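Small disclaimer: the values here were computed from a predicted structure and weren't measured.
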Amino acid sequence: MTGTQPGPRYVLDACLDTAPFGDPVAWRHPPTSGTVEDGWLYGRGAADSKAAIAIFAHIAARIRHEAGRLHGSLTLLFDADEHTGRFGGAKRYFRGPDAPEDVAGVMIGYPGSEHLIVGGRGFLRAELTVRGRPGHTGSKRSAQNAVEKAAQLVLSLREHETPAAVDDELALAPCLTVTRIAGGESYSIVPDHCVIGIDIRLTTTFDESAAKAVVQHVVRLVDEQWPATEKTTIAYEETWPAFVLGATSAVRAALTLSASRYLPGFVGPKVAGPSNIGNFLAQLGIDATAGLGVRYEGLHGTDERIELSTMPAVQATYHDALLRLLRDNADAVPQPQR
């Protein structure tokens, strides 16, 4: 939707794909049934994020009729590659060869009506390949067990579960988690390598470089205790920085004002522990809120559901915020400088 006057572009973003069902038999209602019971709509993706898609589509249909008074444009972005962790749709839109250059802000429709999510910890992911020396389990001799070495490395990493203090800006501390370990081929072979996956949640005071320094330090100490083996190799994978929107951010200001007006029980802005596409957008210099939506229960679990009665207030909140951002009047929140 494009207004009749030039102005910034705002994007309403939600995901089309869903988390896996788990055991369908454990559900109160089948996960694809869309059953409504006592005012709750059941189904996988109801909260994350089919409700947001429905709300955003209705907003776009309604706001088209006000185009004559609007300065700027509104884009709907529904990503079908979000729960994979690849965010293929969003990356293609914001970083592709024909990416728009006028995006002033993004509002992501993750559920939850008590807080507006205005930031999140970042992450660094790495794969550590621990080296040993193979041999027959019945005649080990000079064999060096890579799985045993990896177990020692895991315990050493565990000592750095909280590698730094709480970040005052985020009110959260960084954390390190071992997420995968794989090694060995046969009962009769001493393993010659073992792979460890780690995830490190970053803050503004404990960034990518600080996280890498911790990993490299721990790896070096363990390698020194296994001098007869090759050194552990570290392959760093994707990383996104921590982010937090300042109080003067246009999308934060507009949604906070509108939520305070329309959402009962709204507490205010909050920084989330998990990362989200807002972290990726922060790298591109684009402001993004990463959650304000319907009341929900069972997110990513059995019996995911939303309270249908909360949908109108959420729709009114986003609609009102967009009018604040796209109308050229004295009540509009200040636009960010680009």
Side-chain angles (χ1 to χ4, degrees), residues 1 10-16 18 34-67 69-70 74-78 105-120 245 247 249-272 274 276-278 287-301 303-327 329 331-333:
M1 189 285 303
Y10 289 95
V11 178
L12 295 177
D13 177 35
C15 60
L16 281 164
T18 69
T35 298
V36 176
E37 181 181 76
D38 297 329
W40 290 82
L41 171 67
Y42 286 73
R44 174 61 82 233
D48 189 11
S49 288
K50 299 296 193 293
I53 290 172
I55 289 169
F56 290 169
H58 278 277
I59 289 172
R62 290 173 63 87
I63 213 166
R64 283 186 63 195
H65 299 295
E66 304 184 60
R69 295 191 295 165
L70 302 183
L74 172 66
T75 296
L76 301 185
L77 174 62
F78 301 147
V106 178
M107 290 164 273
I108 305 170
Y110 292 134
S113 57
E114 290 187 356
H115 296 282
L116 171 66
I117 304 302
V118 296
L245 298 183
S249 164
V251 289
R252 171 176 172 166
L255 275 174
T256 300
L257 286 170
S258 298
S260 299
R261 179 180 180 184
Y262 288 103
L263 287 178
F266 176 70
V267 176
K270 176 184 176 181
V271 175
N276 52 70
I277 196 63
D287 287 356
T289 60
L292 182 70
V294 296
R295 184 182 174 205
Y296 69 94
E297 293 182 0
L299 187 74
H300 287 197
D303 292 334
E304 179 179 348
R305 57 198 179 274
I306 63 167
E307 189 173 17
L308 291 172
S309 64
T310 63
M311 292 185 74
V314 173
Q315 179 170 329
T317 296
Y318 277 99
H319 192 160
D320 186 66
L322 284 166
L323 294 181
R324 293 175 186 275
L325 292 164
L326 293 172
R327 279 182 181 168
N329 61 38
D331 295 328
V333 297

Self-check item: Criterion side chain to side chain contact (heavy atoms under 4.5 Å, CB included) on Ile306 and Met311, from CA distance to verdict
Solution: CA-CA 9 Å; Ile306 63 167; Met311 292 185 74; 4.2 Å; yes
State which residues pass side-chain contact (heavy atoms from CB on, under 4.5 Å) with [X]; sequence neighbours excluded, sorted by chain then number.
X: Ala290; result: Ile108, Ile117, Asn276
X: Ser309; result: Glu307
X: Arg62; result: Gln315, His319

Taking the side chain as C-beta and beyond, is there a heavy-atom pair between [X] and [Y] under 4.5 Å?
X: Ser249; Y: Asp287; result: yes
X: Val251; Y: Leu325; result: yes
X: Ile55; Y: Val294; result: yes

For [X] against [Y], the heavy-atom pair lying closest together:
X: Gly120; Y: Val271; answer: N-CG1, 3.7 Å
X: Leu76; Y: Ala57; answer: CD1-CA, 4.1 Å
X: Ala253; Y: Ala247; answer: CB-O, 4.1 Å
X: Ser49; Y: Gly109; answer: OG-O, 4.2 Å
X: Asp48; Y: Cys15; answer: OD1-SG, 3.4 Å

Exercise. Apply side chain to side chain contact (heavy atoms under 4.5 Å, CB included) to Leu323 and Leu70, showing your working.
Key: CA-CA 8 Å; Leu323 294 181; Leu70 302 183; 4.1 Å; yes
Quiz item: Excluding sequence neighbours, so at least two apart, what forms salt bridge (Lys or Arg N to Asp or Glu O under 4.0 Å) with Glu66?
Solution: Arg69, Arg327
When rounded to the nearest 0.5 angstrom, what is the spacing between [atom1] in [X] and [atom2] in [Y]?
X: Asp13; Y: Tyr110; atom1: CG; atom2: OH; value: 7.0 Å
X: Leu322; Y: Tyr10; atom1: CG; atom2: OH; value: 9.0 Å
X: Leu16; Y: Ile53; atom1: CG; atom2: CD1; value: 4.0 Å
X: Trp40; Y: Asp303; atom1: CH2; atom2: CG; value: 11.5 Å
X: Ile59; Y: Leu74; atom1: CD1; atom2: CG; value: 8.5 Å

Quiz prompt | Those residues that, when tested against His115, pass ring pair (Phe, Tyr, Trp, His ring centres under 6.0 Å) (two or more places apart) | solution = none
Quiz item: Taking only residues two or more places apart in sequence, or in another chain, which ones meet Phe78 in a ring pair (Phe, Tyr, Trp, His ring centres under 6.0 Å)?
Solution: none
Self-check item: Contact list for residues 45-65, test ring-ring contact (aromatic ring centres under 6.0 Å, His included), sequence neighbours left out
Solution: Phe56-Tyr318
Show which side-chain atoms of residues 255-267 pair as donor or acceptor with protein atoms under 3.5 Å away, not counting sequence neighbours.
from, atom 1, to, atom 2, distance (Å)
Thr256, OG1, Arg252, O, 2.7
Ser258, OG, Ala254, O, 3.1
Ser258, OG, Asp320, OD2, 2.7
Ser258, OG, Ala321, N, 3.2
Ser258, OG, Arg324, NE, 3.2
Ser260, OG, Thr256, O, 2.8
Arg261, NH1, Asp320, OD1, 3.3

Quiz item: Can you list the steps and then say if Val314 with Leu292 is a side chain to side chain contact (heavy atoms under 4.5 Å, CB included)?
Solution: CA-CA 8 Å; Val314 173; Leu292 182 70; 5.8 Å; no
Exercise. Return each pair, listed once, that meets salt bridge (Lys or Arg N to Asp or Glu O under 4.0 Å) where at least one residue sits in residues 38-47; pairs must be two or more places apart or across chains.
Key: Arg44-Glu304
Quiz item: Does Lys270 use its side chain to pair, donor to acceptor, with the backbone of Val118 at less than 3.5 Å?
Solution: no
